[in-house]
Amino acid sequence: MFLQFHRQAEEMLREALQGLGHPQVSPSLEMSPHADLASRAAFRLDPKNPAQGAQTLARGIKPGGWMGSAEPRGPYVNLSLAPGFYPEALRAILREGPRFGSLPPAPLVILEHTSANPDGPLHIGHLRNAVLGDTLARVLRRAGHPVEVHYYVNDMGRQMGALVWGLRQGLKPDPQKKPDDAIAEVYIQANRLLEADPGRQAEVRGLLLRYERQDPQLVREFREAVETCLRGIHQTLKRLGAAHDRVVWESHFVLPPELGGQGGKTAEIVSRLSSMPIARQGSDGSLSLDLTGDGIKKEMVLIRSDGTTLYGARDLAYHEWKAQTTPHQVNVLGADHKLHAAQMAAVLRRLHLPVPETLIFEFVNLPEGSMSTRAGTYISADDLLDKVEMEALRQVQQRRTEMDPGFHRRVARAVATGAVRYEMARVSPEKGITFDWKQALDFEKQSAPFLIYSHARACSILHKSGGAPAEFDPAKLTGERERRLIKKLSMLDYWIDASARQYRPHLLAHYAKELAEEFNQFYRDVPVLQAPPGTREARLALVEASRIVLANTLETLGIEPLAEM
RNA sequence: GGGCGUGUGGCCAAGACUGGACUACGGCGACAGCCUUCUAAGCUGUACAUCGGGGGUUCGAAUCCCCCCACGCCCGCCA
């Protein structure tokens, strides 16, 4: 609802500015502690006398819609919500329930995230990708987009070659272990063998070549290895609450139909590119693209001299294939993919294909340095989830001694996945993270348990009262705390819109925290169950509305809104 | 060496794209309080920052520009 107010304010300011002969001046709206929204536009009108400009501008804005008033205050124009906004916001929340905060239908989006190499378990770096990707998928869905979420499996790369090579040396995945952990052991061991005897790298290249040349035996072996690892990875993703609609293998764009692919797509796009002026044919049979015209100094190599394709070539085919479904694509990628993303964008543009949006996030490093699956220096996502869950269990057992073990377990699970997700989602993606166990296991404020707890408090009041009232008088809700809370509740759509348009889920995470704070302050200051008749019903309705908005926000962040904890 | 990103109180971190009420949102930690009223995983208060350093643009800079420093990532016929 607040989004509507914001848009109306923007529109009215534009018209007023136009009327004053300044159509080029931006409305410059901002959230303000002094008003429901404020405009700084007067600074642009006449920098010498902004106060004068603010007065003139304010006069040009007439109450109407959700606009209550426009008051000049120094150089600012302070905008207030119409009194009717508050009761209507409350009714809208109660009426729309789980749908509140959703935006009108928007185009289909294909979103690719996580897509970790199937050579080991997800580590805490992949976890950032998964949380960012899954949260963004949820945000986009609430913003009206149908979303098809893809996991793009890199099954044709060097890493997989080394893994299959290791298996052929007789290394066996330990059946007692989680499949992705077992695969990691083989992969690490295979790399040790290869480092000890670098001459055998040629054998890995040979396997890759035979896989790409569609040797059915190799196709079986690669598939078996990849699927084993993927089973484990998907267990972890499921535990996180992150679901993919579709798993797309790279080899799909290389192998023929009888081997599970749709054949030739990569060859086709490569052949099209090879006739473009930017193509550079090596005398050895390799093919690369010169992208200096796009401001990219580094050539993009598509074909090795042995004729096999590189990741970039297959990725181009994948993007062309996606474009048949929708031009709106989003890729969630680690910062190490920046160059690749820029090269992809340049080539797709030259092919007149849709260019994907990217959400690029910086690395998660350990205090002792960066993680590597090959070297075995990583903290797995499972390990983190396990430890956080143990700590959550310890705390809930301590706090709720009267409850049974099943309750403790349920709460600990929800708290743990929520805590891990929130911790990853709340930091802006361009910041690097140095992982810290102490911080990961800290459940104070600014963390998911705080958000879940606020929701549980609302549920508790409703439980004790026997539910929300059918009838109530919103006019009873005129206190400062109540109005502030309603306003905050109404802002969900504004933050969904902002997060979705900027591909920045942390904006919503930030809102969630502010919403929970506002509710907790209301909880402290405003008695509900003990309020006089009439007031009590109205406040109960407000608690129910709070419960709904908290639940919707948490759901969008992938955090389970427990009714009790 | 070049490119991209980051640098905000002891620690974590919002604000930076759209310069302006910033007297910089919060959290952790510290200190002092609040459970005879709806779950204290909560709430209140105090102390602690001039926003890496320097220069510039501007009436006005955490925010824009330039230089420098530190850290991360990339600069593979890896993905």
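In what follows, every chain begins at residue 1, and chains take the letters A, B, ... in the order their sequences are listed. Treat the numbers as computed from the prediction; the structure is a model and nothing was measured.
The Arg457(A) side chain lies nearest to A40(B) when the options are U44(B), G26(B), A40(B). The side chain of Ser460(A) sits closest to U39(B) out of C43(B), U6(B), U39(B). For Val301(A), taking side-chain heavy atoms from C-beta onward, the closest of the listed nucleotides C73(B), C77(B), A21(B) is C77(B). Among C73(B), A41(B), C78(B), the nucleotide with an atom closest to any side-chain atom of Ser370(A) is C73(B). Side chain of Ser428(A), nearest nucleotide from A14(B), U39(B), C73(B): A14(B). Comparing C25(B), U39(B), C77(B) against the side chain of Lys464(A) picks out U39(B) as the nearest. Listed candidates were C12(B), A79(B), C59(B). Nearest to the side chain of His337(A) is A79(B). Side-chain proximity of Gln521(A) to G72(B), C43(B), A41(B): nearest is C43(B). Among the nucleotides C73(B), C78(B), G42(B), the one closest to the side chain of Asn365(A) is C73(B). Listed candidates were A41(B), C38(B), A21(B). Nearest to the side chain of Ile461(A) is C38(B).
Checking U58(B) for Watson-Crick or G-U wobble geometry (two distances, each under 3.5 Å) identifies no partner in any strand. Searching all strands for a Watson-Crick or G-U wobble partner of C31(B) with both distances below 3.5 Å returns G45(B). Nucleotide G5(B) forms a Watson-Crick or G-U wobble pair with C71(B), both donor-acceptor distances falling under 3.5 Å.
In C35(B) the base sits syn relative to the sugar, since the glycosidic angle is no further than 90° from 0.
Taking the nucleotide of RNA chain B with the nearest heavy atom to each of Gly312(A) and Pro527(A), the more 5' of the two is matched to Pro527(A). Nearest-nucleotide positions on RNA chain B place Arg44(A) closer to the 5' end than the other of Arg44(A) and Val415(A).
Note on ring orientation: taking the six-membered ring where Trp is involved, the planes of Tyr318(A) and Phe253(A) are tilted (angle from 30° to 60°).
Between the side chain of Asp284(A) and the base of C77(B) there is at least one donor-acceptor pair of N/O atoms closer than 3.5 Å. In this model, a side-chain donor or acceptor of Gln446(A) finds a partner on the base of G26(B) within 3.5 Å. Judged by distance alone, with hydrogens and angles left aside, Ser305(A) brings a side-chain donor or acceptor within reach of the base of C77(B), the pair sitting under 3.5 Å. The base of A79(B) lies outside donor-acceptor range of the side chain of Asp155(A), with no N or O pair under 3.5 Å.
Between Arg7(A) and Asp497(A), at least one side-chain N (NZ, or NE/NH1/NH2) sits under 4.0 Å from a carboxylate O, which counts as a salt bridge.
Straight-line distance between the P atoms of A49(B) and A24(B): roughly 11 Å, to the nearest whole Å.
Using a 4.0 Å heavy-atom cutoff across all strands shown, Val526(A) reaches at least one base atom of the nucleic acid. Note on Phe43(A): a base of the nucleic acid sits closer than 4.0 angstrom, heavy atoms only.
Taking side-chain N and O atoms only, Lys298(A) has a distance below 4.0 Å to OP1 or OP2 of G76(B).
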